[in-house]
Amino acid sequence: MADRGILDFIIARLPGLSYAEKIQLCELCNTEDDIVKKSKSDIEIIIKRIITGEKAASWNIDKIRKEAENDSKAAHIRGIHWVSWLSPLYPPLLREIYDPPVLLFYRGKLPNPNVPLVAIVGTRKPSPQAAAQAFDIARGLARSGISVVSGLAVGIDSMAHRGNIEGLTAVSAARADGAAASAEMAASAVAVLGSGVDEVYPSTNRMLARRILETGGVLVSEYAPGTGPRKWTFPARNRIISGLSRGVLIVEAPQRSGALITARFALEQNRELWVASSGIAVGGGIRFDRRGTKKLAEDGAPMIHSAADILKAWNMRVAS
């Protein structure tokens, strides 16, 4: 991988290409020279199988290479790591989706590929019951060695992260007291950002992001260092939340919700999809909109009451 230089940074920056086209280009090119030092006609020959000449003709390779250099330098300076789609360290389930990012930037430690991940997402304005259930399920999963993935948003995401951290802390304390624990039980909180990992959003969750890192978790993003949040980056990051995970739990969601976008990605990626019991509970009136999760349940998504339901479905031990 080292001899590729900033090639993958360049490919990630190329405008007008789909995720799948960038991955194919990543496979076709081995060095920066394959793109940077060739004429536009040469580039078109290299990639003619995957894109049109019109797309390549709009590229300013010198400008793109400069941007890629800046991305690489910023990552080095800010202590941000990255992994390319071609690297064996790239998360295996994410590699399998139709539209994986060429580069994944991260702070912290990438999750153990041998430990299954569960995504827990939902509304930013949850009912007290849904917030408590997100916390409890995430905590229970962590105590049984399952990492939780979420988006670091306020509401359900934050409660899922906090519950996962509390469960991880309890496991760490038990190990310190000499309790037996398998290496396979190692888990860590995973937060997927809709911004660069150095631009934590919302700012109110910066302390939570720091806590995730302090407890051995990771912040990940497909966006280069210094990238601020944009309206379109959050729906895009949801495919990574589900892509990293073996199963996705929608706790509580209104009819129009980013969580439902994650649910759609989960189905497209052949992930298990569940709804939490609090998300289909009767009552709440218009104050707590559960129409999204109720629709998922009507369409056949199984209902989850606790972490034990997920663990039993996966034939895994439920921690006492």
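Clustering ILVMFWY residues whenever any of their side-chain heavy atoms sit less than 4.5 angstrom apart, transitively, puts Leu249 in the very cluster that holds Met316. Under a hydrophobic clustering in which Ile, Leu, Val, Met, Phe, Trp and Tyr are joined whenever their side-chain heavy atoms come within less than 4.5 Å, directly or via other members, Tyr201 and Leu193 fall into different clusters.
Using a 4.5 Å cut-off on side-chain heavy atoms (C-beta onward), Arg246 and Glu272 make contact. Counting only heavy atoms from C-beta outward, the side chains of Asp157 and Leu152 never approach each other to under 4.5 Å. Side chains of Ile250 and Leu273 form a contact here, defined as non-hydrogen atoms less than 4.5 Å apart. Looking only at side-chain heavy atoms (C-beta outward), Pro254 and Thr123 come within less than 4.5 Å of each other. Between Leu244 and Leu93, every side-chain heavy-atom pair lies at or beyond the 4.5 Å cut-off. Side-chain contact between Pro126 and Val251: absent, with no pair of heavy atoms (C-beta onward) separated by less than 4.5 Å. Residues Leu141 and Ile120 have side chains in contact (heavy-atom distance under 4.5 Å, counting atoms from C-beta outward). Looking at Leu86 and Tyr90, their side chains never come closer than 4.5 Å, going by heavy atoms from C-beta outward.
For Leu89, the side-chain contact (heavy atoms from CB on, under 4.5 Å) partners are Val83, Ser87, not counting sequence neighbours. In this structure, Lys231 has no salt bridge (Lys or Arg N to Asp or Glu O under 4.0 Å) partners at least two apart in sequence or on a different chain. Applying the salt bridge (Lys or Arg N to Asp or Glu O under 4.0 Å) test to Arg210 and every residue at least two apart in sequence or in another chain returns nothing. For Arg271, there are no salt bridge (Lys or Arg N to Asp or Glu O under 4.0 Å) partners two or more places apart in sequence or in a different chain. For Arg264, the salt bridge (Lys or Arg N to Asp or Glu O under 4.0 Å) test picks out Glu268, with sequence neighbours left out.
The main-chain N or O of Ser18 is found under 3.5 Å from a side-chain atom of Glu21 such that the two form a donor-acceptor pair. Side-chain atoms of Asp198 do not come within 3.5 Å of backbone N or O of Pro225 as any donor-acceptor pair. Under a 3.5 Å cut-off, the side chain of Arg237 and the backbone N or O of Gly151 do form a donor-acceptor pair. Asn164 contributes a side-chain N or O that, together with a main-chain N or O of Ala138, makes up a donor-acceptor pair within less than 3.5 Å. The backbone N or O of Ala153 lies less than 3.5 Å from a partner atom in the side chain of Ser158, making a donor-acceptor pair. For Asn205 (side chain) and Pro202 (main-chain N/O), no donor-acceptor pair under 3.5 Å exists by modelled atom type. Proximity of a side-chain donor or acceptor of Asn238 to a complementary backbone N or O of Ala259 within less than 3.5 Å is not detected. Between the side chain of Thr293 and the backbone N or O of Gly279, at least one donor-acceptor pair lies under 3.5 Å.
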(Q) What verdict does the side chain to side chain contact (heavy atoms under 4.5 Å, CB included) test give for Ser72 and Glu69, after you've listed the backbone C-alpha separation in whole Å, the side-chain angles of each residue and the deciding distance to 0.1 Å? (A) CA-CA 5 Å; Ser72 177; Glu69 286 180 337; 5.8 Å; no
Q.
Test salt bridge (charged side-chain N to carboxylate O under 4.0 Å, His left out) on Glu222 and Arg239; report intermediate values, then the result.
A. CA-CA 11 Å; Glu222 67 178 307; Arg239 82 188 193 287; 2.7 Å; yes
Q: Test side chain to side chain contact (heavy atoms under 4.5 Å, CB included) on Leu14 and Ile64 and set out the steps.
A: CA-CA 7 Å; Leu14 292 175; Ile64 292 169; 3.7 Å; yes
Q: Please step through side chain to side chain contact (heavy atoms under 4.5 Å, CB included) for the pair Val218 and Ile212, ending with a clear verdict.
A: CA-CA 7 Å; Val218 64; Ile212 288 173; 5.9 Å; no
(Q) Set out, in order, the CA-CA distance, both residues' side-chain angles and the distance that settles side chain to side chain contact (heavy atoms under 4.5 Å, CB included) for Val275 and Ile304, then state yes or no. (A) CA-CA 6 Å; Val275 293; Ile304 297 297; over 6 Å; no
Q: Quick one: do His305 and Trp274 satisfy ring pair (Phe, Tyr, Trp, His ring centres under 6.0 Å)? Show the steps, please.
A: CA-CA 10 Å; His305 295 275; Trp274 311 288; over 10 Å; no
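Salt bridge status for Glu67 with Lys63: present, with a side-chain N to carboxylate O gap under 4.0 Å. In this structure, Lys66 does not pair ionically with Asp62, as no charged nitrogen and carboxylate oxygen lie closer than 4.0 Å.
Using modelled atom types and a 3.5 Å distance limit, the side chains of Trp85 and Glu27 yield no donor-acceptor pair. Residues Ser127 and Glu252 have side chains that bring a donor and an acceptor to within less than 3.5 angstrom of each other.
For the pair Arg65 and Phe9, the cation-pi test (distance below 6.0 Å, angle within 45°) is failed.
Considering all non-hydrogen atoms of both residues, Ser144 and Leu311 come closest at OG-CD1, 3.4 Å. Residues Ser221 and Ser195 approach most closely at OG-O, 2.6 Å, considering heavy atoms. Contact record, Ile280 with Met303: CD1-SD, 3.1 Å, taken as the closest heavy-atom pair. Shortest non-hydrogen contact noted between Gly216 and Ser188 is O-CB, 3.1 Å. Closest of all the heavy-atom pairs between Leu7 and Cys29 is CD2-O, 3.6 Å. When every heavy atom of Ala266 is checked against every heavy atom of Val248, the shortest pair comes out as CB-CG2, 3.7 Å.
Annotation: the span from Ser84 atom OG to Asp8 atom CG amounts to 3.5 Å, rounded to 0.5 Å. Interatomic distance, His81 NE2 to Lys109 NZ, rounded to the nearest 0.5 Å: 12.0 Å. Atom CD1 of Ile156 is separated from atom NE2 of His161 by 11.5 Å, given to the nearest 0.5 angstrom. The CG atom of Leu260 sits 5.5 Å away from atom CG of Leu296, with the distance rounded to the nearest 0.5 Å. Atom-to-atom distance recorded for Asn30:CG and Arg4:CZ is 6.5 Å, nearest 0.5 angstrom. Considering CZ of Arg143 and OG1 of Thr169, their distance stands at 10.5 Å, rounded to 0.5 Å.
Around atom CZ of Phe234, more than 12 heavy atoms belonging to other residues, nucleotides or ligands sit under 6.0 Å away. In the displayed structure, Arg124 atom CZ is contacted under 6.0 Å by at most 12 heavy atoms of other residues, nucleotides or ligands.
When the options Gln129, Gln133, Arg290 are evaluated for a side chain to side chain donor-acceptor pair (under 3.5 Å) with Ser278, the one that passes is Gln133.
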Between side-chain atoms of residues 96-106 and protein atoms elsewhere (two or more places apart, or another chain), which donor-acceptor pairs fall under 3.5 Å?
none

